[in-house]
Amino acid sequence: MDQAFRLHAPVMLPCDANCSVVRDAVVDVGADGRLGYVGPASNAPELSAGVAVRELSGILLPGLINTHAHSPMTVLRGMGGDLPLMSWLQDVIWPAEGRLDGDDVRAGMRLGALEMLRHGVTTSVEMYFYGEPMVESVLEVGSRMVLTPAVIAAPGWDRLGSWLHMTDQISAWIDADGLRFGPGERIELGYGPHSAYTLPAEALPVIAAEAKQRSALLHIHVAESLAEDAHLREEHGSVPLLLNSLGVFGGRVITAHSVHLSDVDIQLYAANGVGVGHCPGSNAKLASGIARLADLRRHGVPVGLGTDGPASNDDLDLWEEIQLSAMLARLAGSDAAALTAAQALLMATRDGAAAIGRHDIGTLAPGCWADLVHVDLDDPAFAAGIDVPSPQLLSNLVWAAGSRRVRDVWVAGDQVVAAGEATQVDRAAAAAEVHKVTRRLLDA
């Protein structure tokens, strides 16, 4: 973008620590794509000549953050949909992924990024392969991505090279292009060791050291299901204990799923600042279990929300994860107050940013990137209006409206969704490309 502007809305949710509700609010966006003044219109500074003001109905809030995704799997959506995790992964998904090339991944990521933007998800933390086509798709669509290219040493994956080769490629990419790059720093690079059960123990300290040296995020699956790592638990007590002993913790680390944790594991996470990408929808669909969300939060572990891949969820709507996280936490604790609407919303924004070690997204505050979502009021969820008490307004947004009233989205100040439709890419053409890939896989 090259011009500053101001947004004026009846309600703004900055997603600060208190999940404040600001009435009659303005948000100033600078020409650099970062936020200036954020707060009540009554205290807003005078605008310079020529700065446009856009009047919005409804609610303005930060872009949501999907802390664990494999979005190119839009091309695999629905495959093996009634299988448990390991059968689904080893018998259906991995063989299908073996037939994908870079163009297929580009098409899958393009459609996944579009799907997320239309739901108000501006940032996704991705673990997949063929990273350069993924970056091309994200920059084309205009969203934001933390890309942690997959590092894996499981049967059938040797076509990508050794785990050491994969790690060296990531390090060389970061050293060449920087940790963050692209317009509005839309791309961040990190490391994606798939899991302790798909890599030899000697790989994890090497990958962790490379990540720490570059202040990069390390993104790894941990304790998703009981069956996946039984041998590691028998030998080491738990996967978190193993990772800690290998020096994996201590830098920027997010562990996806983390369903089956002991008290000691949770304390270990808290002591080392380990984040969790909580994926309640995928965990439920694959019958992997219900994560100990209340215990994680009580110990101060930063927890964000993730969709997982669109072949194990099967959509990329983070508003559904907001609802499921609260519902399952309440069921698990037999406590209807275990997670409030406000707390669940913060998990998709501010807390998600904290879980990946970012402080420039997930909240509306001066200096942060102008990643913004506008939710309009044309829905029965808001029939009572927005002048209701703040807890009721948040409840109506989280429990009743969800993603269906997301109308406009900005990333680094660029409008990438207008009136519910993407502005940068033809959605029908993107869907047609995915259709071609999926048909080829099904006909093989």
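This one's a predicted model, so the numbers in the text were calculated from it and none came from an experiment.
For the atom pair CG of L61 and SG of C19, the computed distance is 9.5 Å after rounding to the nearest 0.5 Å. In this structure, CD in E136 is found 9.0 Å from CG in D103, a value given to the nearest 0.5 Å. One finds the CZ atom of R298 at 10.0 Å from the CG atom of L293 (value rounded to the nearest 0.5 Å). Rounding to the nearest 0.5 Å places NE2 of H374 at 9.0 Å from CG of L7. Here the CG-CD distance, from L164 to E210, works out to 8.5 Å after rounding to the nearest 0.5 Å. Atom CZ of residue R350 and atom NE2 of residue H359 lie 10.0 Å apart, to the nearest 0.5 angstrom.
Proximity of a side-chain donor or acceptor of R118 to a complementary backbone N or O of V417 within less than 3.5 Å is not detected. Side chain of D371 to main chain of A412: a donor-acceptor pair is present (N/O by atom type, distance under 3.5 Å, no hydrogens or angles). Judged by distance alone, the side chain of D177 and the main-chain N or O of W173 form no donor-acceptor pair under 3.5 Å. Without hydrogens or angle criteria, D229 side chain to L232 main chain gives no donor-acceptor distance under 3.5 Å. Under a 3.5 Å cut-off, the side chain of T438 and the backbone N or O of H435 do not form any donor-acceptor pair. Judged by distance alone, the side chain of T255 and the main-chain N or O of G275 form a donor-acceptor pair under 3.5 Å. In this structure, the side chain of S312 engages the main chain of G309 through a donor-acceptor pair within 3.5 Å. Of the possible polar contacts, one joining the R405 side chain to the D378 backbone as a donor-acceptor pair under 3.5 Å is found. Checked by atom type and distance alone, the side chain of S395 never pairs as donor or acceptor with a backbone atom of P391 at under 3.5 Å. Judged by distance alone, the side chain of R233 and the main-chain N or O of A223 form no donor-acceptor pair under 3.5 Å.
Side-chain contact between H165 and D168 is absent, with no heavy atoms from C-beta onward closer than 4.5 Å. A 4.5 Å side-chain heavy-atom check between L139 and R186 finds at least one atom pair inside the cut-off. Counting heavy atoms from C-beta on, the side chains of L199 and I207 come closer than 4.5 Å. Side chains of L64 and W319 form a contact here, defined as non-hydrogen atoms less than 4.5 Å apart. Annotation: side chain of H278 is in contact with side chain of S325 (closest heavy-atom distance under 4.5 Å). Using a 4.5 Å cut-off on side-chain heavy atoms (C-beta onward), H260 and V239 make no contact. Residues M166 and P149 are not in side-chain contact: their nearest non-hydrogen atoms beyond the backbone lie 4.5 Å or more apart. At least one side-chain heavy atom of E224 sits under 4.5 Å from a side-chain heavy atom of D308.
A donor atom on one side chain and an acceptor atom on the other are not found under 3.5 Å apart for Y128 and S71. Side-chain contact, Q343 with D351: no donor N or O sits under 3.5 Å from an acceptor N or O. Judged purely by distance below 3.5 Å, without hydrogens or angles, the side chains of T423 and Q415 never pair a donor atom with an acceptor atom.
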Side chain to side chain contact (heavy atoms under 4.5 Å, CB included) between S262 and D265, intermediate numbers included
CA-CA 5 Å; S262 68; D265 294 335; 3.2 Å; yes
Are D263 and R292 close enough, and set up right, to give a salt bridge (Lys or Arg N to Asp or Glu O under 4.0 Å), and what steps lead you there?
CA-CA 10 Å; D263 291 345; R292 298 176 59 185; 2.6 Å; yes
Worked check of side chain to side chain contact (heavy atoms under 4.5 Å, CB included) between S143 and M116:
CA-CA 9 Å; S143 58; M116 285 187 283; over 6 Å; no
So L296 and Y269, side chain to side chain contact (heavy atoms under 4.5 Å, CB included) or not? Walk me through it.
CA-CA 9 Å; L296 288 164; Y269 276 19; 4.3 Å; yes
List the steps, then state whether side chain to side chain contact (heavy atoms under 4.5 Å, CB included) holds for I290 with L331.
CA-CA 10 Å; I290 300 175; L331 279 173; 5.8 Å; no
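Among all heavy-atom pairs drawn from A344 and L339, the shortest one is CB-CD2, 3.9 Å. When all heavy atoms are compared, the tightest approach of M127 to H70 is O-ND1, 2.7 Å. Nearest heavy-atom pair across C15 and T349 is SG-OG1, 3.4 Å. Of all heavy-atom pairs between R252 and I356, the closest is NH2-O, 2.8 Å. The two residues V301 and I266 make their nearest non-hydrogen contact at CG2-O, 3.9 Å. The two residues A216 and L179 have their closest heavy-atom pair at CB-CD1, 3.7 Å.
Residues passing the ring pair (Phe, Tyr, Trp, His ring centres under 6.0 Å) test with F382, sequence neighbours excluded: none. Under the side-chain hydrogen bond (donor to acceptor under 3.5 Å, both in side chains) criterion, D101 pairs with no residue, sequence neighbours left out. Every residue was checked against the ring pair (Phe, Tyr, Trp, His ring centres under 6.0 Å) condition with H119, not counting sequence neighbours, and none meets it.
Under the side-chain hydrogen bond (donor to acceptor under 3.5 Å, both in side chains) test applied with E321, the options N313, N66, T307 reduce to a single match, N313. Results of the side-chain contact (heavy atoms from CB on, under 4.5 Å) test with L13 over L60, L397, L346 single out L397 as the only residue that passes. A side-chain contact (heavy atoms from CB on, under 4.5 Å) with P72 is found for exactly one of M109, R106, E97, namely M109.
Under the 30°/60° scheme for interplanar angles, the aromatic rings of H221 and H219 are found to lie parallel. Between W157 and W94, the ring-plane angle classifies as perpendicular under the 30° and 60° cut-offs.
By the 4.0 Å N-to-carboxylate-O rule, R404 lies too far from D317 to be salt-bridged with it. Ion pairing between a basic and an acidic side chain is recognised when a charged N comes within 4.0 Å of a carboxylate O; K285 and D314 show such pairing. Residues R427 and E115 are not paired through a salt bridge, judged by the lack of any N-O separation under 4.0 Å between the basic side chain and the carboxylate. Residues D360 and R144 are not paired through a salt bridge, judged by the lack of any N-O separation under 4.0 Å between the basic side chain and the carboxylate.
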